[in-house]
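Below: the structure, in structure tokens.
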Amino acid sequence: DTGVSQDPRHKITKRGQNVTFRCDPISEHNRLYWYRQTLGQGPEFLTYFQNEAQLEKSRLLSDRFSAERPKGSFSTLEIQRTEQGDSAMYLCASRRRETQYFGPGTRLLVL
Amino acid sequence: DQQVKQNSPSLSVQEGRISILNCDYTNSMFDYFLWYKKYPAEGPTFLISISSIKDKNEDGRFTVFLNKSAKHLSLHIVPSQPGDSAVYFCAGDSGAGSYQLTFGKGTKLSVIP
């Protein structure tokens, strides 16, 4: 296993700009998750893919957020018109059996 | 409504002693529980898990206990080592649908040499 990878690891942007993050799951895992973690909190579920199908979205995922997983491989999470409240660590995970394995995360800072 | 609660934000333990981290949950639909360890600026690393049909699972220095009637689980680390210093998260898996994880807020463990 090469592990889950995420890119970029850090992103600083100005309010109102769009940002896109990428996640490459462990190759044989068909389930992929996005979570968000803010200071002092545990990770919170955002959305879930099984292969290329986005099957569930949290209420946390506003209309400014969109996620894709073309061809059921890597996934992207885009945030449009970023707000300061979007500043957080964005975590991707892929699942094998009952265990989710997390990537290193992308830390977003919106100025 | 916090479905997973870790009521101790921090814990300090001497090296070589036992560390006990606690977690309570309210959602009876959880059928699998996981513990993750997290260092600053890194993603959570899977540590150990337990199915709701068991009451104990052991892996080396780590043991997780589950008390379903009390909706309580605990992670025991023995002996504790300085490298164990990290934030530990407890998570419940709904076992249906997306199998999303619901996390507690974490407990910061400091192991003092």
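Just so you know, these numbers use all the heavy atoms, side chains as well, and skip hydrogens, waters and symmetry mates. Here the structure is a predicted model, which means the values were calculated and not measured. So you know, we letter chains A, B, ... as the sequences are listed, proteins then strands, and number each from 1.
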Distance, nearest 0.5 Å, that separates NE2 of H10(A) from CD1 of I12(A) | 9.0 Å
Chain A heavy atoms under 4.5 Å from A91(B): which part of the residue, side chain, backbone, both or neither?
-> neither
Would you mind checking which part of Y99(B) comes under 4.5 Å of any heavy atom in chain A, side chain (CB onward), backbone (N, CA, C, O), both or neither?
-> both
Only one of I48(B), L21(B), T63(B) clears side chain to side chain contact (heavy atoms under 4.5 Å, CB included) with I77(B); which?
-> L21(B)
Side-chain heavy-atom pair W35(B), F62(B) within 4.5 angstrom cut-off = no
Which portion of Q37(A) sits near chain B, non-hydrogen atoms under 4.5 angstrom | side chain
Can you tell if the side chain of I79(A) reaches within under 4.5 Å of the side chain of L108(A), non-hydrogen atoms only?
-> yes
Under a 4.5 Å heavy-atom cutoff, which of V87(B), T45(B), D93(B), T102(B) has the most pairs with chain A?
-> D93(B)
The interface call for E56(A) against chain B, heavy-atom contacts under 4.5 Å, is side chain
Count the heavy-atom pairs under 4.5 Å between each of E98(A), R107(A), E44(A) and chain B, then report the option with the highest count.
-> E98(A)
Side chain / backbone / both / neither for L34(B) at chain A, heavy atoms under 4.5 Å | side chain
With a 4.5 angstrom heavy-atom cut-off, could you sort out which part of L91(A) is near chain B: side chain, backbone, both or neither?
-> side chain
Where do T26(B) and Q2(B) come nearest, in terms of heavy atoms and distance?
-> OG1-O, 3.9 Å
Find out whether R17(B) and V111(B) are in side-chain contact, i.e. whether some heavy atom of one side chain is under 4.5 Å from a heavy atom of the other.
-> no
Can you check whether L73(B) reaches Y25(B) side chain to side chain, under 4.5 Å on heavy atoms?
-> yes
Quick one: pull up CD1 in I20(B) and OG in S8(B) and give me the separation to the nearest 0.5 Å.
-> 11.0 Å
Looking only at S51(B), P44(B), C90(B), S49(B), most heavy-atom pairs under 4.5 Å shared with chain A are made by P44(B)
Do R95(A) and Y33(A) meet the cation-pi criteria used here (NZ or CZ under 6.0 Å from the six-membered ring centre, within 45° of the axis)?
-> no
Select, from P43(A), G40(A), G105(A), the one with the greatest count of heavy-atom pairs under 4.5 Å involving chain B.
-> P43(A)
Given a strict heavy-atom distance threshold of 4.5 Å, which part of Y48(A) is in contact with chain B: side chain, backbone, both, or neither?
-> side chain
What part of Y35(A) lies closer than 4.5 angstrom to a heavy atom of chain B: side chain, backbone, both or neither?
-> side chain
Answer key: most heavy-atom pairs under 4.5 Å with chain B among Q100(A), Q50(A), Q41(A) is Q100(A)
Against chain A, label K38(B) side chain, backbone, both or neither, depending on which of its atoms sit under 4.5 Å from a heavy atom there.
-> side chain
